[in-house]
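Working notes for the structure below.
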Amino acid sequence: VTAQALALGALNAYALGDLDEALHLFREALQLFDPAQPFFNSYFYRNALLFCGGISFDRREYEEAEKYYRTVLENVDQKSYDYFDALTHLGRIHYMQERYDDAVAALERAVDTHRLNENEYLVDTWFWIARSHLKRGSAGEARPYLEKIAATEVKYEKKPQAVELPQKIA
């Protein structure tokens, strides 16, 4: 059995909603991936890391999720979407752990690496940054992000909250 075959099986299990099996297969695949091998598939490798991180995050296993996302950061180009994705998740992990300064640092770094047009993921990152600033008592630093969310043309489900927050913190 190859790492890629296990990763494909894991993706199938994930699609069917069997997260335990998906996580088990992704972890097995990660043990078999070897960048020194001629047929190493970096796409499957980083996706296995991202899925393991995502499942662990959803289960509130933040330390485990953080390990996977840090490994992504070590293995992908800093200009890639996967790098942005891993940083945003690290920011969310820090937020959930009440490490708001670390959350802001990771999330702002993610925004700095984002090279695509404004999209829902970027706007959501602004919202997490604003929330992190508010949690650390820095309403003035949250305001510009909330204003960007209010002004964006991007469809964003939390936009009404972002529009109301500056009025509440005034």
Side-chain angles (χ1 to χ4, degrees), residues 7 10-12 14-17 19 22 26 41-62 64-170:
L11 286 170
N12 187 52
Y14 184 86
L16 295 173
L19 300 184
F26 278 128
N41 188 316
S42 64
Y43 173 81
F44 280 108
Y45 176 66
R46 68 180 181 267
N47 275 303
L49 290 168
L50 289 167
F51 272 96
C52 285
I55 294 168
S56 298
F57 178 85
D58 290 345
R59 292 180 170 183
R60 293 179 168 79
E61 297 167 356
Y62 300 125
E64 187 73 12
E66 184 172 356
K67 286 186 230 171
Y68 289 115
Y69 290 122
R70 289 208 179 277
T71 304
V72 171
L73 295 179
E74 295 167 5
N75 286 281
V76 300
D77 185 311
Q78 291 185 11
K79 294 177 183 158
S80 72
Y81 181 79
D82 292 333
Y83 196 82
F84 168 83
D85 191 30
L87 281 171
T88 60
H89 277 89
L90 283 174
R92 291 174 185 200
I93 289 166
H94 298 324
Y95 181 92
M96 301 309 280
Q97 294 171 328
E98 300 180 4
R99 295 167 45 200
Y100 303 116
D101 291 338
D102 292 335
V104 167
L107 293 163
E108 287 183 339
R109 192 165 148 220
V111 168
D112 289 343
T113 68
H114 192 270
R115 300 286 178 249
L116 303 172
N117 290 332
E118 240 177 59
N119 60 39
E120 186 176 355
Y121 304 109
L122 179 62
V123 175
D124 190 52
T125 303
W126 293 340
F127 193 64
W128 280 94
I129 293 170
R131 290 174 60 191
S132 298
H133 279 306
L134 291 172
K135 286 287 190 176
R136 52 193 283 260
S138 301
E141 293 182 67
R143 187 176 306 282
Y145 291 102
L146 295 170
E147 289 170 352
K148 285 190 323 189
I149 296 167
T152 187
E153 297 293 321
V154 173
K155 184 177 178 184
Y156 181 59
E157 69 180 39
K158 295 176 188 156
K159 190 172 188 173
Q161 288 173 267
V163 170
E164 289 176 8
L165 275 173
Q167 297 161 359
K168 291 180 182 177
I169 60 176

Which word best sums up how the rings of F127 and Y156 line up, parallel for under 30°, tilted for 30 to 60°, or perpendicular for over 60°?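 F127 and Y156: perpendicular rings.
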Can you classify the ring geometry of F51 versus Y14 as parallel (below 30°), tilted (30 to 60°) or perpendicular (above 60°)?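 Perpendicular, since the angle between the ring planes exceeds 60°.
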So, Y83 versus R109: side-chain donor-acceptor pair below 3.5 Å or not?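 Present: a donor and an acceptor within the cut-off.
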Out of D112, V76, T125, which one pairs with F84 under the side chain to side chain contact (heavy atoms under 4.5 Å, CB included) rule?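 It is T125; the other options fail the test.
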Quick one: pull up [atom1] in [X] and [atom2] in [Y] and give me the separation to the nearest 0.5 Å.
X: K135; Y: D101; atom1: NZ; atom2: CG; answer: 14.0 Å
X: R59; Y: E61; atom1: CZ; atom2: CD; answer: 6.0 Å
X: L49; Y: F44; atom1: CG; atom2: CZ; answer: 13.5 Å
X: S56; Y: E66; atom1: OG; atom2: CD; answer: 11.5 Å
X: L73; Y: H89; atom1: CG; atom2: NE2; answer: 12.0 Å
X: S138; Y: I129; atom1: OG; atom2: CD1; answer: 13.0 Å

[X] (side chain) donor-acceptor with [Y] (main chain) under 3.5 angstrom:
X: T88; Y: D85; value: yes
X: S132; Y: W128; value: yes
X: N47; Y: Y43; value: yes

If you measure from the Lys or Arg side-chain nitrogens to the Asp or Glu carboxylate oxygens, is any gap between D77 and R46 under 4.0 Å?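 Here D77 does not pair with R46 in a salt bridge, since their nearest N and O are not under 4.0 Å apart.
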Name the one of Y69, Y95, Y68, F57 that satisfies ring-ring contact (aromatic ring centres under 6.0 Å, His included) with Y62?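 Option passing the ring-ring contact (aromatic ring centres under 6.0 Å, His included) with Y62: F57.
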Closest approach of G140 and P144, non-hydrogen atoms and distance?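 What the structure gives for the nearest pair is O-CD, 3.2 Å.
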Heavy-atom pair with the smallest gap, counting every atom of E118 and V154: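 Heavy-atom minimum between the residues: O-CG2, 3.7 Å.
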